[in-house]
Number of protein chains: 2
Amino acid sequence: MPVNEIEKRVRGAGLRPTRQRIALAGLLFCKENLHVCAEALHEKALDAGVRVSLATVYNTLDQFTRAGLLRAFTVEGSKTWFDTNVSNHCHFFIEDEDRILDIDLGGDWENQLPEPPEGMEIVGFDFVVRLRPKPLS
Amino acid sequence: MPVNEIEKRVRGAGLRPTRQRIALAGLLFCKENLHVCAEALHEKALDAGVRVSLATVYNTLDQFTRAGLLRAFTVEGSKTWFDTNVSNHCHFFIEDEDRILDIDLGGDWENQLPEPPEGMEIVGFDFVVRLRPKPLS
DNA sequence: CTGTGTGCAAACTCTTTGCATAAGT
DNA sequence: ACTTATGCAAAGAGTTTGCACACAG
């Protein structure tokens, strides 16, 4: 993705295109369905020679999420994961590997969500299916 | 539930029926689908005049969960919740109220889980639908 | 008695915050 | 200039752990 595309994206989110935000956005939005947690993105940034603090990574991920550029979800009560695929979809989580895979359920699956109780509306949902390698029996 | 029923349950889990475990089990299994987090159960216990430390509550909840007496899940990356309903089912989470409701999807919904990738097997799943009160528009 | 369980406080992980400095417009 | 971002370190929530004492079998 060209740099000025990235800048446009950050601006579009109502955020100043600072060096750190551009760099993080560049790392994030180069892939359609990237899954990262804050710590991992911080490492990625350092590896890429970008000087950012972990706090800024957290802040930036939150800002991008609030702006709708990312989707956040959690697994096993530990880390928060961020997904560049913001459409309604579900995840496989591979235990012991700390790895996430998108599940494409296809169709209008999300229209089949359970009916909320009277007077309530659905804000969102989190659906994670936990996996492990099949034992070789 | 009579006390010796509770003791049997704790024993059945391979755990010594200590004063604390009996008391916590009594508080938990009096309801079919109770949802608590550690902090809340600790308070419940103190309110009931049971002297237990928070660490023991955490340990006991973990032990009961490993023994299959409870089911654990997390919402919004914060607290871990424990459910006395250990069957496969889903949850509504009411934001701002920190309240959990069971969703009974009925039927063999859990047999319609997505097909795991080659060589993987499903260990479990977490499905939480987040709700908020419908604005009075 | 012997081995587990418990309580306490300290440690730990992930995340947020306060405040001085730096950078965007 | 004026305002918003950043970095750092400290605080915070939730949970786990180490170790001495207590209790079940």
Side-chain angles (χ1 to χ4, degrees), chain A residues 3-4 6-27 35-43 45-46 49-67 69-70 72-82 93 98 100, chain B residues 3-4 6-25 27 35-46 49-67 69-70 72-82 93 98 100:
Chain A
V3 178
N4 64 332
I6 292 177
E7 184 173 332
K8 203 180 290 178
R9 203 144 174 178
V10 172
R11 254 182 226 286
L15 300 167
R16 286 186 180 173
T18 63
R19 178 176 60 76
Q20 291 85 340
R21 296 214 265 235
I22 297 295
L24 294 178
L27 290 170
H35 307 100
V36 282
C37 57
E39 200 72 59
L41 181 59
H42 188 224
E43 270 184 46
L46 296 187
V50 179
R51 210 174 53 79
V52 230
S53 75
L54 184 54
T56 296
V57 172
Y58 273 107
N59 289 335
T60 304
L61 286 170
D62 284 348
Q63 292 153 355
F64 285 2
T65 301
R66 251 179 273 118
L69 301 181
L70 294 174
F73 63 95
T74 47
V75 176
E76 310 245 294
S78 50
K79 291 186 270 272
T80 299
W81 290 82
F82 296 87
F93 172 67
D98 238 39
I100 302 280
Chain B
V3 179
N4 63 332
I6 292 176
E7 184 173 331
K8 204 180 292 179
R9 203 141 173 180
V10 172
R11 255 181 226 284
L15 299 168
R16 283 186 183 173
T18 63
R19 179 176 60 77
Q20 291 85 339
R21 298 213 264 236
I22 297 295
L24 294 177
L27 291 170
H35 306 101
V36 282
C37 57
E39 199 74 58
L41 181 59
H42 187 223
E43 270 184 46
K44 252 180 200 280
L46 296 187
V50 180
R51 210 174 52 79
V52 229
S53 74
L54 183 55
T56 296
V57 172
Y58 273 108
N59 289 335
T60 304
L61 286 170
D62 283 348
Q63 292 153 354
F64 285 2
T65 301
R66 252 179 274 118
L69 300 181
L70 295 174
F73 63 97
T74 47
V75 177
E76 310 245 293
S78 48
K79 291 187 272 271
T80 298
W81 290 81
F82 296 86
F93 173 67
D98 237 40
I100 301 281

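Letters A, B, ... mirror the listed sequences (proteins, then strands); counts begin at 1. Keep in mind that the numbers below use all heavy atoms, side chains included, and drop hydrogens, waters and symmetry copies.
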- Item | Positional range of nucleotides in DNA chain D within the contact set of chain B, heavy-atom, under 4.0 Å | D:dG14 to D:dG25

- Can you name the one residue among B:Leu70, B:Leu69, B:Asp62 that meets side chain to side chain contact (heavy atoms under 4.5 Å, CB included) with B:Arg66?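 It is B:Asp62; the other options fail the test.
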
- Message: Under 4.0 Å, heavy atom to any atom of DNA chain C: which of residues 55-65 of chain B qualify?
- Response: B:Ala55, B:Thr56

- 5'-most contact on DNA chain C: B:Leu54 or A:Thr74, nearest heavy atom basis?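 Looking at DNA chain C, the more 5' nearest nucleotide goes with B:Leu54.
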
- Item | No-hydrogen, no-angle side-chain donor-acceptor test under 3.5 Å, A:Arg51 and A:Gln20 | no

Specify the separation, in whole Å, of atom [atom1] of [X] and atom [atom2] of [N].
X       : N      : atom1 : atom2 : result
A:Leu15 : C:dA23 : CG    : P     : 19 Å
B:Arg66 : C:dG5  : CZ    : C1'   : 14 Å
B:Lys79 : C:dT13 : NZ    : C1'   : 17 Å
B:His42 : C:dC8  : NE2   : C1'   : 11 Å

- Note on the structure: Judged by nearest nucleotide, the residue sitting upstream toward the 5' end of DNA chain D, B:Arg19 or B:Ala38, is B:Ala38

- Message: Here's a test of your reading of the structure: between B:Arg16 and B:Glu39, which maps to the more 5' nucleotide of DNA chain D?
- Response: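 It is B:Glu39, whose closest nucleotide lies nearer the 5' terminus.
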
- Counting just side-chain N and O atoms, does A:Arg11 come under 4.0 Å of either OP1 or OP2 of C:dT25? yes

